[in-house]
Amino acid sequence: MTDIRSRVSEAEWEARVNLAAFFRLAARHDLSDLALTHFAARVPDEPDRFLLNPYGLMFEEVTASSLVKTDRDGGDLLETGSPLNTVGIMLHSAVLDARPDIACTAHTHTVPGMALASLDTKLLPISQTAMMFHGRVGYHDWESHETDMDERERLARDIGLKGRALVLKNHGLLAAGPSIPSTWVLLYELERACASQLDAMGAAHAAGTRPDLPPASVCEKTATQFDEFLARPGRDDDWPAYLDRLDREDPSYRD
């Protein structure tokens, strides 16, 4: 592989290291689907370009150098020769184009995410974790022609102006945040919210009852508090702890 580090800015290299760490964390928490899903991050000093994982790498194999710099047209801008997922280009560019406040997007096919996306329900505010997303989740219907680049307009419409997550019906999930570290937190909590809802719905059905929903005012207040957390300086203060863990276990993500 060419020496990517010598060909990119310091800001881009830092984003590459952080995005590679995101993949490694997702692998450790069983959020991958073999090598099939994808995460993206905007290049800090080139806002119309983003980093995306190439075909052929498991999440635990992704490194800073292996990420491909691309654009909405799917170009390999550093001419690495690495193949890219067409659906990934379409999906991530749709959100990044429409939302300049978003720096990172992460798409998963986990069992809880796919299960919730396959039910005739929405993400319910039945836990503090789920309330983070109250009024901030979009829903996008499955489109069989998912390589149609025109779908970008519909994806942008469905995540909306303040969405921090998208449920891709009969498909999976997407989290979108203002930084790579915050998107990791959003994805982790979104997955837990889906899993806990499925557990609660199953238990409620077995008991002949239904999940207990808090008042809408409480849900909105909780979501607003999380908005404020995402906007404040120091929101990513926990990120070094995650990197320290990765460095102890396997620092090759930095390569």
Side-chain angles (χ1 to χ4, degrees), residues 4 12 15-16 18-27 31-44 46-100 102-110 113-114 117 138 140-159 163-177 179-180 183-184 186-187 190-191 253:
I4 296 295
E12 178 177 332
R16 285 173 171 271
N18 284 334
L19 186 58
F22 191 163
F23 280 100
R24 298 298 183 95
L25 289 166
L31 301 182
S32 65
D33 181 11
L34 301 177
L36 299 179
T37 52
H38 26 80
F39 302 167
R42 197 187 301 276
V43 177
E46 299 178 65
D48 294 331
R49 298 175 173 185
F50 58 96
L51 305 172
L52 188 68
N53 52 308
Y55 271 126
L57 290 179
M58 306 292 280
F59 277 21
E60 61 266 26
E61 298 176 310
V62 173
T63 66
S65 295
S66 67
L67 295 164
V68 179
K69 179 156 66 173
T70 188
D71 55 22
R72 71 187 328 268
D73 297 318
D76 179 3
L77 302 177
L78 294 177
E79 299 181 346
T80 64
S82 300
L84 289 174
N85 185 311
T86 303
V87 178
I89 295 165
M90 182 271 293
L91 177 61
H92 297 286
S93 67
V95 179
L96 294 171
D97 280 356
R99 294 280 301 279
I102 295 300
C104 181
T105 46
H107 171 49
T108 56
H109 297 160
T110 61
M114 290 189 294
H140 180 73
D141 289 336
W142 172 264
E143 298 190 21
S144 60
H145 52 287
E146 59 181 6
T147 58
D148 180 358
M149 292 302 179
D150 290 340
E151 189 177 353
R152 283 190 281 221
E153 295 180 7
R154 297 182 288 277
L155 284 158
R157 174 201 66 199
D158 291 339
I159 196 169
R164 59 174 62 116
L166 193 62
V167 175
L168 302 161
K169 299 296 291 183
N170 307 104
H171 185 167
L173 304 174
L174 181 130
S179 68
I180 295 169
T183 306
W184 159 243
L186 284 168
L187 180 65
L190 179 63
E191 295 282 356
Y253 71 95

Ionic contact status for E12 with R16, cut-off 4.0 Å: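 E12 and R16: salt-bridged.
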Whether R72 and D97 form a salt bridge (side-chain N of Lys/Arg under 4.0 Å from carboxylate O of Asp/Glu) is what I want to check.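 Salt bridge flag = yes for R72 with D97.
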Do [X] side-chain atoms and [Y] backbone N/O form a donor-acceptor pair below 3.5 Å?
X    : Y   : answer
R152 : L91 : no
E61  : M58 : yes
R42  : F50 : no
S66  : V62 : no
D71  : G74 : yes
T70  : G75 : yes

When rounded to the nearest 0.5 angstrom, what distance separates [atom1] in [X] from [atom2] in [Y]?
X    : Y    : atom1 : atom2 : result
H140 : N170 : NE2   : CG    : 11.0 Å
L187 : L190 : CG    : CG    : 6.5 Å
N53  : N85  : CG    : CG    : 8.0 Å
E191 : T110 : CD    : OG1   : 3.0 Å
L57  : S82  : CG    : OG    : 8.0 Å
L51  : H38  : CG    : NE2   : 15.0 Å

Should the pair F22 and F39 be assigned to parallel (<30°), tilted (30 to 60°) or perpendicular (>60°) ring geometry?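 It falls in the tilted class, 30° to 60°.
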Which of parallel (below 30°), tilted (30 to 60°) and perpendicular (above 60°) describes H171 and H109?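 Ring orientation of H171 relative to H109: tilted.
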Ignoring hydrogens and angles, state whether a donor on the side chain of H107 or H92 is under 3.5 Å from an acceptor on the partner side chain.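 No, H92 and H107 have no side-chain donor paired with an acceptor closer than 3.5 Å.
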Checking side-chain polar atoms at under 3.5 Å, does T80 have a donor or acceptor matched by the opposite partner on D76?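 Yes, D76 and T80 have a side-chain donor paired with an acceptor closer than 3.5 Å.
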Taking the side chain as every heavy atom from C-beta outward, state whether [X] and [Y] have any pair of such atoms under 4.5 Å apart.
X    : Y    : value
V167 : L173 : yes
V68  : L78  : no
L84  : L52  : yes
L19  : L67  : yes
M90  : E151 : yes

Chi angles and distances behind the side-chain contact (heavy atoms from CB on, under 4.5 Å) call for T105, T183: CA-CA 7 Å; T105 46; T183 306; 5.9 Å; no
Side chain to side chain contact (heavy atoms under 4.5 Å, CB included) partners for S32, two or more places apart: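 Testing S32 for side chain to side chain contact (heavy atoms under 4.5 Å, CB included), a comparison that skips the adjacent residues, returns F59.
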Ignoring hydrogens, what is the shortest heavy-atom contact between [X] and [Y]? Give both atom names and the distance.
X    : Y    : value
A176 : V95  : CB-CG1, 4.2 Å
I159 : A165 : CG1-O, 4.0 Å
A64  : A20  : N-CB, 3.6 Å
M114 : G172 : CG-CA, 4.4 Å
L96  : C104 : CD2-N, 4.3 Å

Would you find more than 12 non-hydrogen atoms of other residues, nucleotides or ligands less than 6.0 Å from E153 atom CD?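 Check fails, neighbour count at 12 or below.
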